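Numbered from 1 within each chain, the chains take letters A, B, ... in sequence-line order. All of these numbers come straight from a predicted model, not from anything done at the bench.
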Number of protein chains: 2
Amino acid sequence: MSEPSLPIGALARSVGCNVQTIRYYEQVGLLPPATRTAGAQRRYAQVHRQKLSFIRHARELGFSLPAIRELLALAEHSDSVCSRADSIARHQLEAVRRRIALLESRRAELERMLEHRHGRRVRDCRVIATLADHGLCAEERHETDARR
Amino acid sequence: MSEPSLPIGALARSVGCNVQTIRYYEQVGLLPPATRTAGAQRRYAQVHRQKLSFIRHARELGFSLPAIRELLALAEHSDSVCSRADSIARHQLEAVRRRIALLESRRAELERMLEHRHGRRVRDCRVIATLADHGLCAEERHETDARR
DNA sequence: GCTTGAAGCTCCAGTGACTGCAGGTTTTAA
DNA sequence: TTAAAACCTGCAGTCACTGGAGCTTCAAGC
């Protein structure tokens with residue numbers, strides 16, 4: 001009958017997010033509304049904690065809120081078809097892989113910009129020169145390769 | 001006297017960004033205001049094209065607009081000290097590396113979630129189960145290792 | 001029962017770097 | 001001259017929160 005009921009701050013601490021985030025999830029309909037005290041303060045049950053924990057875990061993996069909404073709905077019905085959840089996760093994995101590839105190429109160019117010896121003044125600065133002339137970042141490779 | 005002057009659309013095509021972006025850069029003071037025709041349309045000179053190209057290149061590398069603002073200011077003065085530009089770039093490189101590390105761990109967990117055989121229904125779904133129980137994503141490794 | 005300070009409440013604005021739209025004006029080529 | 005393409009300003013929307021102002025409620029100690 002009397003399920004342990006957490007105020008919002010305790011819930012926030014227990015899942016490691018902050019209070020505003022929880023209110024925001026309620027506002028956008030991701031988390032069901034809490035019960036309220038006579039003075040209109042929110043009190044949460046275990047089911048809320050589980051859902052919130054699910055949401056936070058999914059967010060850490062980079063799922064969007066719409067994707068999480070759908071995953072939560074799937075989780076509600078234990079006989080719904082699993083392939084949809086898989087497809088959402090595969091989609092996210094692909095997005096993460098594309099993002100990594102983009103960042104790897106950024107990293108490579110930044111490293112190339114930085115690894116050269118250069119003058120103390122901006123007129124000889126690799127960083128500025130590379131940004132100013134897009135050609136440099138492609139040609140740089142050839143020059144470097146040729147020199148070795 | 002009569003420098004070739006591009007309308008905004010032509011400039012946008014020539015650097016591969018869109019028209020609103022150019023107006024936005026002017027609005028936030030990243031790009032100096034264009035000269036205007038009698039009918040108040042913008043006309044751009046080569047110096048604008050160079051700056052815009054610099055900005056876009058820096059954006060592709062993930063520099064923030066405040067960082068780019070500073071890099072542009074450094075580029076203006078060819079006798080300013082290069083180490084500041086280097087420091088901005090190194091900072092960005094570190095940010096990119098941290099981001100890659102985060103995404104790699106996401107990728108690993110998503111791959112672990114997806115690589116298991118599982119039932120057709122959500123009650124046996126790895127994806128949902130892993131999200132629901134944060135413990136699974138760490139423990140999974142041990143179980144898997146132990147079983148082999 | 002009273003006080004007090006922590007924690008809660010709502011509502012609203014701001015973040016970054018754009019993007020899109022509405023409704024109007026200018027330019028340019030035929 | 002006309003018609004279409006391109007341009008203009010101003011503002012709202014994106015995503016997932018985060019922060020603040022100004023007020024109310026709760027819980028613990030006395």
Does A:Gln41 use its side chain to pair, donor to acceptor, with the backbone of A:Pro7 at less than 3.5 Å?
-> no
B:Leu65 side chain, from C-beta outward: closest of C:dG20, C:dC18, C:dC9 | C:dC18
Sugar-phosphate, base or nothing in reach of A:Arg56, heavy atoms under 4.0 Å | sugar-phosphate
A:Tyr25 side-chain N/O to D:dA16 phosphate OP1/OP2 under 4.0 Å | no
D:dA12 C1' sits how many Å from B:Gln27 CD, rounded?
-> 13 Å
Indicate whether OP1 or OP2 belonging to C:dG8 is found under 4.0 Å from a side-chain N or O atom of A:Arg42.
-> no
If you pin B:Ile8 and A:Asn18 to their nearest nucleotides in DNA chain D, which one's is more 5'?
-> B:Ile8
Looking at every strand, decide which applies to A:Phe63 at a 4.0 Å heavy-atom threshold: base, sugar-phosphate, or nothing.
-> nothing
Using a cut-off of 4.0 Å on non-hydrogen atoms, how would the nucleic acid contact of A:Arg23 be classed: base, sugar-phosphate, or nothing?
-> base
Could you pick out which residue, B:Arg59 or B:Thr37, lies toward the 5' side of DNA chain C when each is mapped onto its nearest nucleotide?
-> B:Arg59
Quick one: A:Leu6 CG to D:dA27 P, roughly how many Å, whole number?
-> 13 Å
5'-most contact on DNA chain C: B:Ala40 or B:Pro66, nearest heavy atom basis?
-> B:Pro66
Considering only side-chain heavy atoms of A:Arg43, which listed nucleotide, D:dA27, C:dC9, D:dT18, is closest?
-> D:dA27
Using whole Å, report how far CG of B:Leu31 lies from C1' of C:dC18.
-> 15 Å
Salt bridge present between B:Arg23 and B:Glu26 (N-O < 4.0 angstrom) | no
State whether A:Glu76 and A:Lys51 are salt-bridged, where the test is any N-O pair (Lys NZ or Arg NE/NH1/NH2 against Asp/Glu carboxylate O) under 4.0 Å.
-> yes
Could you check B:Arg36 against B:Arg13 and say which one's nearest nucleotide on DNA chain D is further toward the 5' end?
-> B:Arg13
B:Glu60 CD to C:dC18 P, in whole Å, measures 11 Å
Atom CD of B:Gln41 and atom C1' of D:dA5 are separated, to the nearest Å, by 11 Å
Between CD of A:Gln20 and P of C:dT15 the distance, given in whole Å, is 17 Å
Does a donor on one side chain and an acceptor on the other come within less than 3.5 Å for A:Glu109 and B:His57?
-> yes
Could you tell me the separation between the OH atom of A:Tyr44 and the C1' atom of C:dG8, rounded to a whole number of Å?
-> 11 Å
Rounded to whole Å, OH of A:Tyr24 lies from C1' of D:dC15 at a distance of 7 Å
Contact under 4.0 Å: B:Thr21 side-chain N or O vs C:dA17 OP1/OP2 | no
Flag, side chain of B:Arg107 to backbone of A:Leu93, donor-acceptor distance under 3.5 Å = no
